[in-house]
S.K.: 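Take this structure first; my questions come after.
These values consider heavy atoms only, across backbone and side chains, with no hydrogens, waters or symmetry-generated copies.
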Amino acid sequence: MRHLLTLFSLCLCVAVNAQPGNYRNELSVGVGGGWVMSNVGFSPRVPQSMHQGFMGGVAVKYLTEKYFSTYCSIVAELNYARLGWKENIRTETKEAVINPVSNLPEEYSRHIDYLQLPVFAHLAWGKAENGFQFFFRAGPQLGLYLKENTTTNFTVENRNIEARSNNIVAQDSMQVENKLDYGIAAGIGLEYARNHVGHFLLEARYYYGLGNIYGDSKKDFFGRSNFGNIVIKLTYLFDVVKKKNKN
């Protein structure tokens, strides 16, 4: 948590305290949504493919200053997101593990829903009006656990442990223990702005969790269980305040 607070302070300094330049006071609000591909970094390792989920919510962008050719903003979002993990259950020869009861390849996915609050320092280059900008953003993100559920085609009693190349299965019956998730997110993207219409932002973002969903003490099963997410997101913003003051 200490590292998270340090990064948050640095992000605010980058976006707010760049002094020489053109002061701007522009506030935009809107909505956005997209696709989330996630997994959990378990230790001991659990083989996985990317879990597919969705996310959506509201966004606020405050443009504070143009510093030389760089537009400096602060962006905050409040999103509902479905994360989780999808297990890649294979034999030593990389074949599907067949369940002895159903005679089907065994499948397991855990879906975990969060309310997420990312806060970014947002740096952009290009045309702020009637044109395109390239942007980079980075900052801390908090996530509040809401609920979870499982999709599987086998039970704990009839799963085929013997055929698996990896026999780590404790996570299948463990509920999330730590309800607060936190980490660092960063993204790049393009923004298209049109006067009297609004701003359209397409972004690719990566999130690295610094917290674990399960306990990580010596007595706990997992030493690490943190999220990693890739997000593809489209956001629409409209101007609420638009004012420029040149020094």
S.K.: Show your working on side chain to side chain donor-acceptor pair (under 3.5 Å) between Asn229 and Tyr208 and close with a plain yes or no.
M.R.: CA-CA 7 Å; Asn229 303 331; Tyr208 182 81; over 6 Å; no

S.K.: Is there a path of hydrophobic side-chain contacts, each under 4.5 Å between heavy atoms of I/L/V/M/F/W/Y residues, joining Leu210 to Leu142?
M.R.: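 Linked within one cluster.
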
S.K.: Please find the pair of heavy atoms, one from Arg110 and one from Met174, that lie closest to each other, and give the distance.
M.R.: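 Looking at all heavy atoms of both residues, the shortest contact is NH1-O, 2.8 Å.
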
S.K.: Examine Val31 and Leu115 and state if one hydrophobic cluster contains both, with Ile, Leu, Val, Met, Phe, Trp and Tyr joined whenever side-chain heavy atoms are less than 4.5 Å apart.
M.R.: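 Yes, one cluster joins them.
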
S.K.: Can you get from Tyr207 to Leu180 by hopping between Ile, Leu, Val, Met, Phe, Trp and Tyr side chains that sit under 4.5 Å apart?
M.R.: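 Tyr207 and Leu180: separate clusters.
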
S.K.: What pair of heavy atoms forms the shortest contact from Gly30 to Leu237, and how long is it?
M.R.: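 Nearest heavy atoms, Gly30 then Leu237: N-CD2, 3.6 Å.
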
S.K.: Is it true that a side-chain atom of Asn99 and a backbone atom of Asn158 form a donor plus acceptor pair closer than 3.5 Å?
M.R.: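 Here the side-chain-to-backbone pair exists.
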
S.K.: Between the side chains of Asn153 and Tyr108, does any donor sit under 3.5 Å from an acceptor?
M.R.: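 Not at all, the side chains of Asn153 and Tyr108 share no donor-acceptor pair under 3.5 Å.
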
S.K.: Test your reading of the model: is there a side-chain donor-acceptor pair from Asn130 to the backbone of Asn195, 3.5 Å cut-off?
M.R.: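 Yes, because the side chain of Asn130 sits within donor-acceptor range (under 3.5 Å) of the backbone of Asn195.
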
S.K.: Distance-only, no hydrogens or angles: does the Thr64 side chain make a donor-acceptor pair with backbone N or O of Cys72 under 3.5 Å?
M.R.: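 At least one qualifying donor-acceptor pair exists.
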
S.K.: Grab the two heavy atoms, one from Gln141 and one from Pro118, that are nearest each other, plus how far apart they are.
M.R.: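 Looking at all heavy atoms of both residues, the closest pair is OE1-CB, 3.6 Å.
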
S.K.: Which heavy atom of Ala163 sits nearest to which heavy atom of Asn160, and what is that distance?
M.R.: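 So the minimum-distance heavy-atom pair works out to N-OD1, 3.3 Å.
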
S.K.: Check the pair His51 / Ser109 against side chain to side chain donor-acceptor pair (under 3.5 Å), numbers first and verdict last.
M.R.: CA-CA 7 Å; His51 175 277; Ser109 296; 5.7 Å; no

S.K.: Should we say atom CD of Gln175 is surrounded by more than 12 heavy atoms from elsewhere, each under 6.0 Å from it?
M.R.: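 No, not enclosed.
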
S.K.: Do the side chain of Ser49 and the main chain of Asn88 share a donor and acceptor less than 3.5 angstrom apart?
M.R.: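 Between the backbone of Asn88 and the side chain of Ser49 there is no qualifying donor-acceptor contact (under 3.5 Å).
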
S.K.: Donor-acceptor pair, Thr91 side chain versus Val97 backbone, under 3.5 Å?
M.R.: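 No; zero donor-acceptor contacts below 3.5 Å.
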
S.K.: May I ask you to decide if the ring planes of Tyr114 and Tyr145 are parallel, tilted or perpendicular, using 30° and 60° as cut-offs?
M.R.: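 Rings of Tyr114 and Tyr145: perpendicular, as their planes differ by over 60°.
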
S.K.: Could you check whether Arg159 pairs with Glu106 (Lys NZ or Arg NE/NH1/NH2 to Asp/Glu carboxylate O, under 4.0 Å)?
M.R.: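 No, this pair does not count.
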
S.K.: Over 60° means perpendicular and under 30° means parallel, so tell me whether Phe200 and Tyr236 are parallel, tilted or perpendicular.
M.R.: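 Rings of Phe200 and Tyr236: tilted, 30 to 60°.
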
S.K.: Which class fits the ring pair Phe42 and Tyr214: parallel under 30°, tilted 30 to 60°, perpendicular over 60°?
M.R.: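 Geometry flag for Tyr214 against Phe42: parallel rings.
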
S.K.: Might you confirm whether atom NZ of Lys179 has over 12 heavy atoms from other residues, nucleotides or ligands at distances under 6.0 Å?
M.R.: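 Check passes, neighbour count above 12.
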
S.K.: Check each of Val176, Asp216, Ile213, Asp220 against Ser225 using the side-chain contact (heavy atoms from CB on, under 4.5 Å) test, and report the only one that passes.
M.R.: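 Of all the options given, the one that passes is Ile213.
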
S.K.: Tell me the closest heavy-atom pair linking Asn178 and Gly215, and the distance in Å.
M.R.: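 So the two residues come closest at ND2-N, 4.1 Å.
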
S.K.: Tell me whether the count of non-hydrogen atoms from other residues, nucleotides or ligands lying under 6.0 Å of NZ in Lys233 goes above 12.
M.R.: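 Check passes, neighbour count above 12.
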
S.K.: Is Val46 linked to Ile112 within one hydrophobic cluster, defined over Ile, Leu, Val, Met, Phe, Trp and Tyr using a side-chain heavy-atom separation of less than 4.5 Å?
M.R.: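 Result: yes, single cluster for both.
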
S.K.: Determine yes or no for a side-chain-to-main-chain donor-acceptor pair under 3.5 angstrom, with Glu191 supplying the side chain and His199 the backbone.
M.R.: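 Checking the backbone N and O of His199 against the side chain of Glu191, no donor-acceptor pair under 3.5 Å is found.
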
S.K.: Would you check if the side chain of Arg224 reaches a backbone N or O of Gly41 as a donor-acceptor pair within less than 3.5 Å?
M.R.: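 Side chain of Arg224 to backbone of Gly41, a donor-acceptor pair under 3.5 Å: yes, one is there.
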
S.K.: So, for Phe120 and Gly139, which heavy atoms are closest and what is the spacing to 0.1 Å?
M.R.: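 It is CD2-N, 3.6 Å.
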
S.K.: Tell me whether Leu123 shares a hydrophobic cluster with Phe135, the cluster being built from Ile, Leu, Val, Met, Phe, Trp, Tyr side chains joined at under 4.5 Å.
M.R.: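 As far as the 4.5 Å side-chain criterion goes, Phe135 and Leu123 are not connected within one cluster.
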
